[in-house]
Amino acid sequence: MSKLEIHQYSYMSDNYGVLLHAPSSGETACIDCGDAQASLAALQNTGWSLTEIWVTHHHADHTAGVMELKRETGATVIGPAPLSQNIDGLDETLNDGDTFVFAGLEVHTIHTPGHTKDMINFYLPDEKLLFTGDTLFTMGCGRLFECDANTMHESLAKLTALPPDTLVYSSHEYTLANVKFALSVDPQNAALLTRASHVEALRADGKPTVPSTLQEELDTNPFLRTTDKNIRELLDMRTADNADVFAEIRLRKDNF
Ligand code: ZN
Ligand code: FE
């Protein structure tokens, strides 16, 4: 039985925010805050009182509302050590491998540079919950703004080493674009074809495609399938290093 309740909400054009709540202690964490009003509305809807804000990386769509939300709620703000740009309002910084406790549950900090240098992800092993920010998306991965493909490939490997039934909460609804691209490099993947119609139906209903399980991503996310024979054949990279296959897939997505 899960010890936590989760409330996911939308903000801006395609961002997802998450409130994590422990009924036992009343503690509530908000993961990222690009829009304080959206987070405050989510708190109002749930009736939960915010105690913590967890920040994944410095981009404005994840941080622009942090100061206001902190001021309104008195929540403690934790986030990555600054590696490229500062994040206003941080009370505590986290590095790779750091752990902290939320409502009696251990939270692991996983540094996943690639999209940005400072990106951290939050993993709760007892609950099998993973918050991937802009590193791993449903059937996609973040653009490489501050690091090279090799670095992102290594970061994704840290995430795929987690148990396959881990639930992956990512920060954007990019899935319809991601699935179109995935089909272009992995057209014979039966699991992908099935999932494509599933996510299209969800979006037609206005429903989120986040979260997903790590297993679903392993089966259908081309960025995690660099060892796949059919993908390698299509890319004409049968004997290339995994990191080079990843770099090629990332490049093709950028130009898709
Ligand atoms: Zn970002
Ligand atoms: Fe983002």
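Computed from a predicted structure; not experimentally measured. Nothing fancy with the numbering, it's 1 onward along the sequence.
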Q | CA sep, side-chain torsions, deciding dist, call: D134, H62, side chain to side chain contact (heavy atoms under 4.5 Å, CB included) | A | CA-CA 10 Å; D134 290 357; H62 302 254; 3.0 Å; yes
Q) Could you state the interatomic distance from CG (L90) to OG1 (T63), rounded to the nearest 0.5 Å? A) 9.5 Å
Q: Provide the closest heavy-atom pair for L214 versus T160 in the form atom of the first, atom of the second, distance.
A: CD2-CA, 4.2 Å
Q) Does the side chain of E5 reach to within under 4.5 Å of the side chain of T46, using non-hydrogen atoms? A) no
Q: Could you tell me the separation between the CG atom of L20 and the NE2 atom of H7, rounded to the nearest 0.5 Å?
A: 12.5 Å
Q | Verdict with supporting geometry, N189 and N230, side chain to side chain contact (heavy atoms under 4.5 Å, CB included) | A | CA-CA 8 Å; N189 180 345; N230 290 330; over 6 Å; no
(Q) To the nearest 0.5 Å, what is the distance between CG on L193 and CG on L183? (A) 6.0 Å
(Q) What's the separation between atom OG in S197 and atom CG in L202, rounded to the nearest 0.5 Å? (A) 10.0 Å
Q) Just checking, is any N or O donor in the side chain of T116 or E146 under 3.5 Å from an acceptor N or O on the other one? A) no
**Q.** Co-membership, hydrophobic cluster, residues I110 and V168, 4.5 Å side-chain
**A.** yes
Q) Side chains of T28 and H21: donor-acceptor distance under 3.5 Å anywhere? A) yes
Q: Please answer whether the main-chain N or O of A243 pairs with a side-chain N or O of D241 as donor and acceptor at a distance below 3.5 Å.
A: no
(Q) For residues V210 and M12: do they belong to one hydrophobic cluster (side chain heavy atoms under 4.5 Å, members Ile, Leu, Val, Met, Phe, Trp, Tyr)? (A) no
Q) Any chain of hydrophobic side-chain contacts (each under 4.5 Å) joining L105 to L50? A) no
Q: Look at R195 together with E217 and state whether they make a salt bridge at an N to O cut-off of under 4.0 Å.
A: yes
Q | Closest heavy-atom pair and its distance - L192, D186 | A | CD2-O, 3.5 Å
Q: Taking all heavy atoms of I249 and all of P222, pick out the closest pair and write down the distance.
A: CD1-O, 3.5 Å
Q. Which of parallel (below 30°), tilted (30 to 60°) and perpendicular (above 60°) describes F122 and W54?
A. tilted
Q. Going by distance alone, is a donor N or O of one side chain under 3.5 Å from an acceptor N or O of the other, for D148 and T151?
A. yes
Q) Between K128 and D165, what is the shortest heavy-atom contact and its length? A) NZ-OD2, 2.9 Å
(Q) So, taking the atom named NZ in K180 and the one named CG in N178, what distance separates them when rounded to the nearest 0.5 Å? (A) 10.5 Å
(Q) Could you check whether E154 pairs with K158 (Lys NZ or Arg NE/NH1/NH2 to Asp/Glu carboxylate O, under 4.0 Å)? (A) no
Q. So do Y9 and C30 actually touch side chain to side chain, heavy atoms under 4.5 Å?
A. yes
Q.
Whether the side chain of N86 engages the backbone of P82 through a donor-acceptor N/O pair (distance < 3.5 Å, no angle test) should be reported.
A. no
Q | Salt-bridge present (R238, D236; N to O < 4.0 Å) | A | yes
Q | N/O donor-acceptor pair under 3.5 Å between D32 side chain and T56 backbone | A | yes
Q: Step through the shown structure and confirm whether more than 12 heavy atoms of other residues, nucleotides or ligands are within 6.0 Å of NZ on K253.
A: yes
(Q) Quick check: do V77 and D88 have side-chain heavy atoms less than 4.5 Å from each other? (A) no
Q.
Any carboxylate oxygen within less than 4.0 angstrom of a Lys/Arg side-chain nitrogen, looking at D126 and K3?
A. no
Q. Can you tell if the side chain of T209 reaches within under 4.5 Å of the side chain of V179, non-hydrogen atoms only?
A. no
Q: Look at the side chain of S155 and the backbone N and O of P113, then say whether any donor-acceptor pair between them is shorter than 3.5 Å.
A: yes
Q. Do the non-hydrogen side-chain atoms of F100 and E52 ever get within less than 4.5 Å of each other?
A. yes
Q) Taking only residues two or more places apart in sequence, or in another chain, which ones meet S49 in a side-chain contact (heavy atoms from CB on, under 4.5 Å)? A) none
Q) Does the side chain of P208 reach to within under 4.5 Å of the side chain of Q8, using non-hydrogen atoms? A) yes
Q) Closest heavy-atom contact between R252 and V185? A) CD-CG1, 4.3 Å
Q) Going hydrophobic residue to hydrophobic residue with side-chain gaps under 4.5 angstrom, can you get from V107 over to L130? A) no
**Q.** Joint hydrophobic cluster, I87 plus L69, side-chain heavy atoms closer than 4.5 Å
**A.** yes
Q.
Looking at every non-hydrogen atom in both residues, tell me the closest pair between M119 and T135 and how far apart they are.
A. CG-OG1, 3.1 Å
Q.
With side chain to side chain contact (heavy atoms under 4.5 Å, CB included) as the criterion, how do L124 and L4 come out once you've worked through the C-alpha distance, each side chain's angles and the decisive distance to 0.1 Å?
A. CA-CA 11 Å; L124 288 78; L4 300 177; 3.7 Å; yes
Q | E68 side chain to G65 backbone, donor-acceptor under 3.5 Å | A | no
Q. Got V199 and M139 here, is their nearest side-chain heavy-atom distance under 4.5 Å?
A. yes
**Q.** Partner of H172 under ring pair (Phe, Tyr, Trp, His ring centres under 6.0 Å), chosen from Y11, F137, Y16
**A.** F137
Q: Any chance you could measure N242, atom CG, to R225, atom CZ, to the nearest 0.5 Å?
A: 12.5 Å
Q. Would T76 and D91 count as having a side-chain donor-acceptor pair, cut-off 3.5 Å?
A. no
**Q.** Trace of the side chain to side chain contact (heavy atoms under 4.5 Å, CB included) decision for S170 with L136
**A.** CA-CA 7 Å; S170 54; L136 176 63; 6.0 Å; no
**Q.** Student check: side-chain heavy atoms of L167 and Y169 closer than 4.5 Å
**A.** yes
Q) How are the rings of H59 and H57 set to each other: parallel, tilted or perpendicular (split at 30° and 60°)? A) perpendicular
